[in-house]
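Supplied in structure tokens, the structure appears directly below.
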Amino acid sequence: FQAVCCYLSRRLNQLSSHDPLWKRHCKKYWLISEEEKSQRNQSWKAIFISTYSDLGRYIRYYATLKKAWDDLEKYLGQRCPRMIGSLKESVREEDLDAVEAQIGCKLPDDYRCSFRIHNGQKLVVPGLMGSMALSNHYRSEDLLDIDTAAGGFQQRLGLKQCLPLTFCIHTGLSQYMALESVEGRNKYEIFYQCPDQMARNPSAIDMFITGTSYLEWFTSYVNKVVTGGYPIIRDQIFRYVHDKECVATTGDITVSVSTSFLPELSSVHPPHYFFTYRIRIEMSKDALPEKACQLDSRYWRITNAKGDVEEVQGPGVVGEFPIISPGRVYEYTSCTTFSTTSGYMEGYYTFHCLYYKDKFFNVTIPRFHMVCPTFKVSTARMVKSFMHPLEYKIICLNMLWSASALANCSIVVLPQSLLL
């Protein structure tokens, strides 16, 4: 029996030192390449052990997040090279531990793992997490580094124990991650805040949900970017979603549409959902020169989720009357709002031929749907609906007195609604 045990022990020791086995694990869990191995001048076993001693707690997440970061960097290097310079180097374990001590909450391991690879980015434009632009509105979200995120950690009512992940320096918009299951949020849920404009309680904040965990939120975004799901416009990632079926061809002219939801211009209470759409009009390069034409007018049929229909007709598009000729592309951006969470638009453009000025024809605009993300209603609103009016007024008065104390005010002006 002792001889058998010695033999088994010897074989196990031989297997544990068998480098090809460690090579497989190094590639699977740490994405170590042959080139990197040769640079480190270590055995596969030594590389695995040293990497595990540093990143072992993230073994479930590291390969997925490292691949996402590598894919994103490669794509940006080809399409948006100036954005690469805004990425920050990784942080250390002790830096993440210090942040946890500072905010009094544990950070999820997938979030920590990502910051062991890249510590977000500098506060610059364009932001890594996508842009959006209208004639009088611009948004570009940066992925916050760990120190900036910790500085924006929220403890106030409505956003209690929420950590900002992104920030737009133009609009002040952020996406937050809930570090605890409080105020109706699930732990590690990611969302845009949306103040309840109809509630008297300032802590009444509705939420547009954008992710259920950091891993899902970040990797799904990267996948859309690197697979061309989001267009690159002026060296920026624009968060327009294009449905491949949302294309219509009339003769030699093709019209396609991409859409995007803007949380910063939307609200749940009152129901006001803001969408922008980007339309591409293109004439085939094989079309005959005499097919050149000019857009005269547009017609829209707009339908909300209740089936209510609005028809809109007008000259040109966004104040322009573009000329379309073989091989030429014209793109423009516009917007619409719905009082329901979804709706769709369809219609046509009217063109006239440049060579035969009395010849007019219509070009179909394909039906395109717009749907707002899942949202959650503020628990403050729900609490109020079950609260006695006098109890609600007492809570609001306490909040006012607390605010006045913080501001060192000696006089508090009470809203008339609280005096009735």
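Side-chain atoms are counted along with the backbone in the values below, which use heavy atoms only and exclude waters and symmetry mates.
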Item checked: Plane angle bin for F48 and W30 - parallel if under 30°, tilted between 30 and 60°, otherwise perpendicular ->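 Ring orientation of W30 relative to F48: tilted.
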
Check: Do side-chain atoms of S181 reach the backbone of K187 as a donor and acceptor pair under 3.5 angstrom?
Finding: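 At least one qualifying donor-acceptor pair exists.
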
Next item on the list: Examine distances only and state if a side-chain atom of S174 and a backbone atom of Y176 form a donor-acceptor pair shorter than 3.5 Å.
Entry: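 Checked: no pair found.
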
Item checked: Non-hydrogen side-chain atoms of L262 and L134 separated by less than 4.5 Å ->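 A side-chain contact exists here, since the closest heavy-atom pair is under 4.5 Å.
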
Note to self: Just checking R60: does its CZ atom have more than 12 heavy atoms from other residues, nucleotides or ligands closer to it than 6.0 angstrom?
What the structure shows: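 Counting other residues, nucleotides and ligands, CZ of R60 stays at 12 neighbours or fewer.
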
Item checked: Residues in side chain to side chain contact (heavy atoms under 4.5 Å, CB included) contact with E320, at least two apart in sequence or another chain -> P322, Y330

Checklist line | Intermediate values then yes/no, salt bridge (Lys or Arg N to Asp or Glu O under 4.0 Å), K291 and D286 | finding: CA-CA 10 Å; K291 292 294 184 76; D286 298 324; over 6 Å; no

Checklist line | Parallel, tilted or perpendicular: ring planes of F361 versus F351, cut at 30 and 60 degrees | finding: parallel

Note to self: Is it true that R278 and T333 share a donor-acceptor pair across their side chains at a distance under 3.5 Å?
What the structure shows: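 Yes, a side-chain donor-acceptor pair sits under 3.5 Å.
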
Margin query: If I take atom OG from residue S220 and atom CG from residue L215, how far apart are they, to the nearest 0.5 angstrom?
Written below: 9.0 Å

Item checked: Distance, nearest 0.5 Å, that separates CD1 of I117 from CG of L87 -> 12.0 Å

Notebook entry, point to check: Does the pair K66 and D70 meet the rule for a salt bridge (Lys or Arg N to Asp or Glu O under 4.0 Å), with working shown?
Noted result: CA-CA 6 Å; K66 183 67 165 64; D70 288 348; 2.9 Å; yes

Checklist line | Pairs where residues 102-129 contributes a residue and the test ring-ring contact (aromatic ring centres under 6.0 Å, His included) is met, not counting sequence neighbours | finding: W69-H118, Y111-F115, Y111-Y214

Next item on the list: Walk me through it: do E245 and R367 pass the test salt bridge (Lys or Arg N to Asp or Glu O under 4.0 Å)?
Entry: CA-CA 10 Å; E245 295 183 0; R367 177 182 294 188; over 6 Å; no

Notebook entry, point to check: For the rings on F261 and F275, is their centre-to-centre separation under 6.0 Å?
Noted result: yes

Notebook entry, point to check: Under the criterion side-chain contact (heavy atoms from CB on, under 4.5 Å), which of I209, T210, T212 is the partner of E189?
Noted result: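 It is I209; the other options fail the test.
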
Next item on the list: For the residue pair F360 and H352, categorise the inter-ring angle as parallel (less than 30°), tilted (30 to 60°) or perpendicular (more than 60°).
Entry: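 Rings of F360 and H352: tilted, 30 to 60°.
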
Notebook entry, point to check: Is R116 paired with D109 through a side-chain N to carboxylate O contact shorter than 4.0 Å?
Noted result: no

Item checked: Non-hydrogen side-chain atoms of V125 and H170 separated by less than 4.5 Å -> yes

Notebook entry, point to check: Is the backbone of A133 close enough, under 3.5 Å, to the side chain of R139 for a donor and an acceptor to pair up by distance?
Noted result: no

Next item on the list: Apply side chain to side chain contact (heavy atoms under 4.5 Å, CB included) to V182 and list each qualifying residue two or more places apart in sequence or on a separate chain.
Entry: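 V182: side chain to side chain contact (heavy atoms under 4.5 Å, CB included) contacts with K160, Q161, E180, R185.
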
Checklist line | Set of side chain to side chain contact (heavy atoms under 4.5 Å, CB included) partners for T340, sequence neighbours left out | finding: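 Side chain to side chain contact (heavy atoms under 4.5 Å, CB included) check on T340 returns N304, A305, K306, F338.
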
Next item on the list: For H272, check side chain to side chain contact (heavy atoms under 4.5 Å, CB included) against everything at least two apart and list the hits.
Entry: S267, F274, T337

Note to self: Taking side-chain contact (heavy atoms from CB on, under 4.5 Å) as the criterion, tell me which of Y192, F375, F191 meets it with P263.
What the structure shows: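 Only one of Y192, F375, F191 forms a side-chain contact (heavy atoms from CB on, under 4.5 Å) with P263, namely Y192.
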
Check: Does the S43 side chain pair with the main chain of A46, one donor and one acceptor, at a distance under 3.5 Å?
Finding: yes

Item checked: Cationic N near anionic O, under 4.0 Å, E100 to R112 -> yes

Next item on the list: Please name all residues satisfying ring pair (Phe, Tyr, Trp, His ring centres under 6.0 Å) with Y230, sequence neighbours left out, ordered by chain then number.
Entry: Y221

Notebook entry, point to check: Could you state the interatomic distance from CZ (R57) to CD (E93), rounded to the nearest 0.5 Å?
Noted result: 5.5 Å

Next item on the list: Nearest 0.5 Å please: distance from the CG atom of D206 over to the CG atom of D196.
Entry: 5.0 Å

Note to self: Return the CE to CZ distance between M129 and F167, rounded to the nearest 0.5 Å.
What the structure shows: 15.5 Å

Item checked: Pair T51-Y62, side-chain contact (heavy atoms from CB on, under 4.5 Å): steps then yes or no -> CA-CA 11 Å; T51 307; Y62 185 85; 5.9 Å; no

Checklist line | Min side-chain heavy-atom separation M132-H137 under 4.5 Å | finding: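 With C-beta onward as the side chain, the pair stays apart.
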
Margin query: What I'd like to find out is whether the side chain of E36 reaches to under 4.5 Å of the side chain of L31, using heavy atoms alone.
Written below: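 Side chain of E36 against side chain of L31, heavy atoms only: no contact under 4.5 Å found.
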
Notebook entry, point to check: Any side-chain heavy atom of T148 within less than 4.5 Å of one from D142?
Noted result: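 Not touching, per the 4.5 Å side-chain cut-off.
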
Note to self: Within the 4.5 Å heavy-atom criterion, are F208 and Y273 side-chain neighbours or not?
What the structure shows: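 Heavy-atom side-chain distance check passes, below 4.5 Å.
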
Margin query: Within this structure, what is the NZ-CG distance for the pair K376 and N186, rounded to the nearest 0.5 Å?
Written below: 3.5 Å

Next item on the list: Could you point out which residue of V225, V222, L72 forms a side-chain contact (heavy atoms from CB on, under 4.5 Å) with L128?
Entry: L72

Note to self: Taking K67 first and then D71, would you say they form a salt bridge - that is, a charged N and a carboxylate O separated by under 4.0 Å?
What the structure shows: yes

Next item on the list: Check whether any side-chain heavy atom of E264 lies under 4.5 Å from a side-chain heavy atom of C168, and answer yes or no.
Entry: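 Heavy-atom side-chain distance check fails, nothing below 4.5 Å.
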
Next item on the list: Side-chain contact test, heavy atoms from C-beta onward, threshold under 4.5 Å: evaluate it for M83 versus S86 and give yes or no.
Entry: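 Yes, their side chains come closer than 4.5 Å.
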
